[in-house]
Amino acid sequence: MTAAPVLTRPTDASTAPRRLRTYRTSLTRGQGRSGWLFLAPFGLFYLAFLLGPTIWMIVTSFFNTSTVRTGLGSFAGFANYAEMLGRADFWSSLWHTLQFTLYTTPPLVILAFIFAVLTNRMNRGQWFFRLAFFLPFILPSATISLIWVFIFTPSTGLWASVQSLFGMTPGSGVLSSPNTAMIGVAIATVWWTLGFNFVLYLAGLQEIPRELYEAAAVDGASNWQQIKSITLPLLGRTTTLVILLQIIASLKIFDQVYLMTNGGPGISTQVSLQLITGVGFTDNRLGAASAASVLLFIVIVAIAVIRQIVERAAAKREIGA
C-alpha cells in the first residue's frame with residue numbers, strides 16, 4: 001500500500017522580505033542595546049569626571065565660590081572674568097603657555113616624522129627603535145622632571161660636564177636664568193613625549209603600500225622626491241591629528257613647569273594652569289580660578305578651530321588645483 005504524499009503549505013513569497021526585515025530590525029535593536037551597555041561605564045565616568053566638572057566650572061565662574069565656604073557663594077556676574085582679564089600675571093602666564101607651545105610643537109612634529117621615516121626604512125630592528133622612542137613616554141612626569149633637573153644642575157649636572165668637556169665655562173644653570181628656563185622645560189618635554197608622535201607617524205607610514213615607493217624608484221625618483229610626492233600627501237591626516245593633539249597638550253602644560261621650576265625664576269615660567277591652581281587652592285578663590293579656566297578653555301577651542309579651518313581651506317585649494 002502506497003503512503004499518501006505529505007502536503008506542505010506553499011510559502012507566500014510576499015511575506016519573506018517582511019519576515020527578513022523584521023528579523024534584521026530585531027537584530028539591530030539587540031545590537032544597539034548591547035552597544036549602549038558596553039558604553040555605559042565610560043559614559044558614567046565621562047559625565048562624572050569630565051562633563052560634570054566642566055559644567056560646574058562654568059557655573060562657579062559667575063560666583064564668588066571659595067574653598068573655605070560651602071555653596072556657590074554670592075553672585076559675581078562677570079566680575080571674575082574682568083578681574084582675570086585685568087591682571088598682568090594672567091596675561092604673562094598665558095604668554096608663557098603660548099611660548100611653551102611654540103617651543104615644543106614644531107620639533108615634536110618634525111623630529112617625530114623624520115625618525116619615523118628613518119625607522120620605517122629599516123628591514124630589521126624596528127622593535128628596538130619603537131621601544132627606545134616610546135619608553136620615556138610611559139614614565140611619570142615626576143621622574144622626567146627629576147632626570148632633567150639633575151641634567152641642568154649648575155656645576156655638577158650632566159650639561160655642565162659637557163660644557164667643561166668642550167672647554168666652556170658652565171653658567172648658573174639653564175633653569176636658573178629667566179631667558180633659558182622655559183627652553184630647558186621645552187627640551188625635557190620634547191625628549192619625554194616624542195615617542196607618542198613617533199608611533200602615530202610610524203603607524204601611518206606602515207599603511208602606505210610599498211609598491212608606490214618601488215614604482216617611484218623605478219621611475220628614477222630620489223628619496224626626497226618619494227617623501228615629497230608620496231609620504232607627505234598620504235600622511236596629511238596623520239600630520240593634522242599630530243599637530244592638533246600636540247597644540248592642545250602643550251596648552252595644558254603644568255607638571256613639568258611645576259616640578260622643574262615652580263614657575264620661576266620669579267614668574268618667568270609661570271603658565272596658565274599654575275596661575276589657576278594658585279588662585280584656586282592658595283588664594284582659596286574657586287570662582288576666580290574657574291573664570292581663568294574658562295578663558296583658557298576658550299583659547300584652546302579657538303586655536304583648535306582655527307587650525308581645522310586652515311587645514312580644510314588648504315585641502316580645498318589642493319582639490320581645486
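Quantities reported herein were computed from a predicted structural model and do not represent experimental measurements.
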Are a donor atom and an acceptor atom from the side chains of Gln270 and Asn262 found within less than 3.5 Å of each other?
-> no

Atom pair CZ/CG of Phe115 and Leu202 - distance to nearest 0.5 Å = 13.0 Å

Can you name the one residue among Val117, Leu205, Ile230 that meets side-chain contact (heavy atoms from CB on, under 4.5 Å) with Leu235?
-> Leu205

By salt bridge (Lys or Arg N to Asp or Glu O under 4.0 Å), which residues pair with Asp89, not counting sequence neighbours?
-> Arg87

For the residue pair Phe49 and Phe45, does the interplanar ring angle fall in the parallel (under 30°), tilted (30 to 60°) or perpendicular (over 60°) class?
-> parallel

CD1/Ile243 to CG/Leu108 distance, rounded to the nearest 0.5 angstrom?
-> 11.5 Å

Do the non-hydrogen side-chain atoms of Leu234 and Leu212 ever get within less than 4.5 Å of each other?
-> yes

By side-chain hydrogen bond (donor to acceptor under 3.5 Å, both in side chains), which residues pair with Thr104, not counting sequence neighbours?
-> Ser250

Side chains of Glu214 and Gln226: donor-acceptor distance under 3.5 Å anywhere?
-> no

Is Tyr103 linked to Trp191 within one hydrophobic cluster, defined over Ile, Leu, Val, Met, Phe, Trp and Tyr using a side-chain heavy-atom separation of less than 4.5 Å?
-> yes

If you measure only the distance, is there a donor-acceptor pair under 3.5 Å linking the side chains of Ser61 and Ser290?
-> no

4.5 Å side-chain heavy-atom contact, Asn197 and Thr193 = no

Salt-bridge contact Arg237-Glu207 (side-chain N to carboxylate O under 4.0 Å) | no

Do Ser74 and Asn64 have a side chain donor and acceptor closer than 3.5 Å?
-> yes

Side chain to side chain, Thr261 and Leu175, heavy atoms closer than 4.5 Å | yes

Applying the 4.5 Å side-chain criterion to the ILVMFWY set and letting contacts propagate, would Ile298 and Ile253 be lumped into a single cluster?
-> no

Is there side-chain contact between Phe62 and Leu72, with at least one heavy-atom pair below 4.5 Å?
-> no

Group every Ile, Leu, Val, Met, Phe, Trp and Tyr by side-chain heavy-atom contacts under 4.5 Å, then state whether Val279 and Tyr258 land in the same group.
-> yes

Taking the side chain as C-beta and beyond, is there a heavy-atom pair between Phe100 and Thr269 under 4.5 Å?
-> no

Do Thr54 and Met57 touch side chain to side chain, with heavy atoms closer than 4.5 Å?
-> yes

Ignoring hydrogens and angles, tell me if any N or O in the side chain of Ser93 forms a donor-acceptor pair with the backbone of Leu275 under 3.5 Å.
-> no

Taking C-beta and beyond as the side chain, do Arg285 and Glu83 meet within less than 4.5 Å on heavy atoms?
-> yes

Do Thr105 and Gln246 have side-chain N/O donor and acceptor atoms under 3.5 Å apart?
-> no

Tabulate below the donor-acceptor pairs under 3.5 Å that side-chain atoms of residues 134-150 make, not counting sequence neighbours, or state none.
unit_1 : atom_1 : unit_2 : atom_2 : d
Ser141 : OG     : Asp255 : OD2    : 3.1
Ser145 : OG     : Ser141 : O      : 2.8

